[in-house]
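Contents: one structure, followed by commentary.
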Amino acid sequence: FDGVVEDISEIKNAKFRLEEANKKITSINKSLEKKIQEALGKHETQNALLIQKSKLESLGELSAGIAHEINQPLGVMALTFENLKMKINSQSLTPEYLDTKFQSIEENIRRIREIIDHIRTFSRDQESYVLNKVNVNKVVRKALSMIGAQYNNHNINIRLDLKEDIGFTVGSNLKLEQVILNLLANSKYALDEKGTFKGETEFKKEILI
C-alpha cells in the first residue's frame, strides 16, 4: 500500500459540537447555581423575617401580661414610699425599718430591670447564635414570667410538674422560649374556644406542663 486515507471531518465536527454543547451546559449550570443561591438567600431572609414577626406578635399578645408584671413591683414601691412618708411624719422612723424598706425597693427595681432586659433580648433579631447549655425548666419558668398574668385574666390555670433532675440540653435559650410561648399560645386559643363552646362555668381551663 502507498497509504491509507480516512475522512475524519465528521468526527471533528461531532467533537466540536460536543465541546460547544459542554460549554453551554457549563454556562447553564453556573446560571442555575447562581439562581439557586439567590433563591436560598431569599428563603433564609424570609424565614428570618417570619421568625422575627412571630416573636414580635408574641410580644404584642403578651403586652398586657408584661404590663401587669411591671405594675406589681411598681405598686409595692409606691406603697413602700407611702409607709416611709407616714413614718417620717410620725417621727417613728428607725434605721432598721429604713433598711428593710430600702431592700424592698432595690429588689423591686431589680425585678423591673430583669423584665425589661429580658424583653429587649427576646425581641432582638437572633440571626446568628452560639449554642449554649440550656436548662429547660429555667426556660419554661422565664416564658411563664411573661404570660402568667395574662393567662390568669383568661381564667387559665397553668400547672407545673417539672422534674428538677433532668439535666440540660444544648441549643438556644431564646429560640426554645419562643417555641414554648407558641405552644402555650396555641393551648390558650384552644381552651378559650372550648370554653366558649362549653360555657365558662362548666369547663375548667388548665394547662399542664
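Computed from a predicted structure; not experimentally measured.
A distance of 12.0 Å separates CG of L176 from CG of N132, quoted to the nearest 0.5 Å. Note that CG of L160 is 5.5 Å distant from CD1 of I209, once rounded to the nearest 0.5 Å. Within the model, atoms CG of N135 and NZ of K133 stand 9.0 Å from one another, a figure rounded to the nearest 0.5 Å. Separating the CG atom in L131 from the OG atom in S172 is a distance of 8.5 Å, to the nearest 0.5 Å.
In this structure, S187 and I207 approach most closely via the heavy-atom pair CB-CD1, 3.7 Å. Nearest approach of I112 to P73, heavy atoms of both residues: CG1-CG, 3.5 Å.
By the salt bridge (charged side-chain N to carboxylate O under 4.0 Å, His left out) test, E164 pairs with R141, sequence neighbours left out. Residues passing the side-chain hydrogen bond (donor to acceptor under 3.5 Å, both in side chains) test with Q103 are D99, sequence neighbours excluded. Among residues two or more places apart in sequence or in another chain, the side-chain contact (heavy atoms from CB on, under 4.5 Å) test is passed with T26 by N22, K30. Residues satisfying the side-chain contact (heavy atoms from CB on, under 4.5 Å) test with S31, not counting sequence neighbours, are K35. Taking L208 as the reference, R159, D161 meet the side-chain contact (heavy atoms from CB on, under 4.5 Å) condition, with sequence neighbours excluded. Under the rule for a side-chain hydrogen bond (donor to acceptor under 3.5 Å, both in side chains), S27 has no partner lying at least two apart in sequence or in another chain. Considering only residues two or more places apart in sequence or on other chains, K85 meets the salt bridge (charged side-chain N to carboxylate O under 4.0 Å, His left out) condition with E82. The side-chain contact (heavy atoms from CB on, under 4.5 Å) test applied to K101 returns T80, N83, L84, Y97, not counting sequence neighbours. Shown here are the salt bridge (charged side-chain N to carboxylate O under 4.0 Å, His left out) partners of E106, two or more places apart in sequence or in another chain: there are none. Partners of R113 according to the salt bridge (charged side-chain N to carboxylate O under 4.0 Å, His left out) rule, which considers only residues two or more places apart in sequence or in another chain, do not exist here.
In terms of modelled atom types and a separation under 3.5 Å, the side chain of N157 and the main chain of K205 share no donor-acceptor contact. Side-chain atoms of Y151 come within 3.5 Å of backbone atoms of L184 as a donor-acceptor pair (strictly under, hydrogens ignored).
Side-chain heavy-atom separations under 4.5 angstrom define the hydrophobic clusters, and the remaining members of the one that includes V179 are L183. Applying the 4.5 Å side-chain rule to ILVMFWY residues, one finds that V76 remains a lone member of its cluster.
Counting only heavy atoms from C-beta outward, the side chains of M77 and L74 approach each other to under 4.5 Å. For the pair D192 and I156, the minimum side-chain heavy-atom distance is below 4.5 Å. Here the side chains of T100 and S104 are not in contact, with every heavy-atom distance at 4.5 Å or above.
Applying the 6.0 Å contact sphere to CD of E193 captures no more than 12 heavy atoms from other residues, nucleotides or ligands.
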Q) Hey, mind stepping through V140 and I180 against side-chain contact (heavy atoms from CB on, under 4.5 Å) and telling me if it holds? A) CA-CA 7 Å; V140 169; I180 292 168; 3.7 Å; yes
If you apply the rule side-chain contact (heavy atoms from CB on, under 4.5 Å), what do you find for T169 with V136, and how did you get there? CA-CA 7 Å; T169 185; V136 177; 4.0 Å; yes
>> What verdict does the side-chain contact (heavy atoms from CB on, under 4.5 Å) test give for V139 and L174, after you've listed the backbone C-alpha separation in whole Å, the side-chain angles of each residue and the deciding distance to 0.1 Å?
In response: CA-CA 8 Å; V139 173; L174 290 174; over 6 Å; no
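When the side chains of ILVMFWY residues are joined at heavy-atom separations under 4.5 Å, either directly or via intervening members, L79 and I88 end up in two distinct hydrophobic clusters. Linking ILVMFWY residues whenever their side-chain heavy atoms come closer than 4.5 Å, directly or via other members, places L162 and L144 in the same cluster. With hydrophobic clusters built from ILVMFWY side chains whose heavy atoms lie under 4.5 angstrom apart, L98 shares a cluster with I109.
Using a 3.5 Å distance cut-off with no hydrogens or angles, the side chains of Q178 and N182 do pair a donor with an acceptor.
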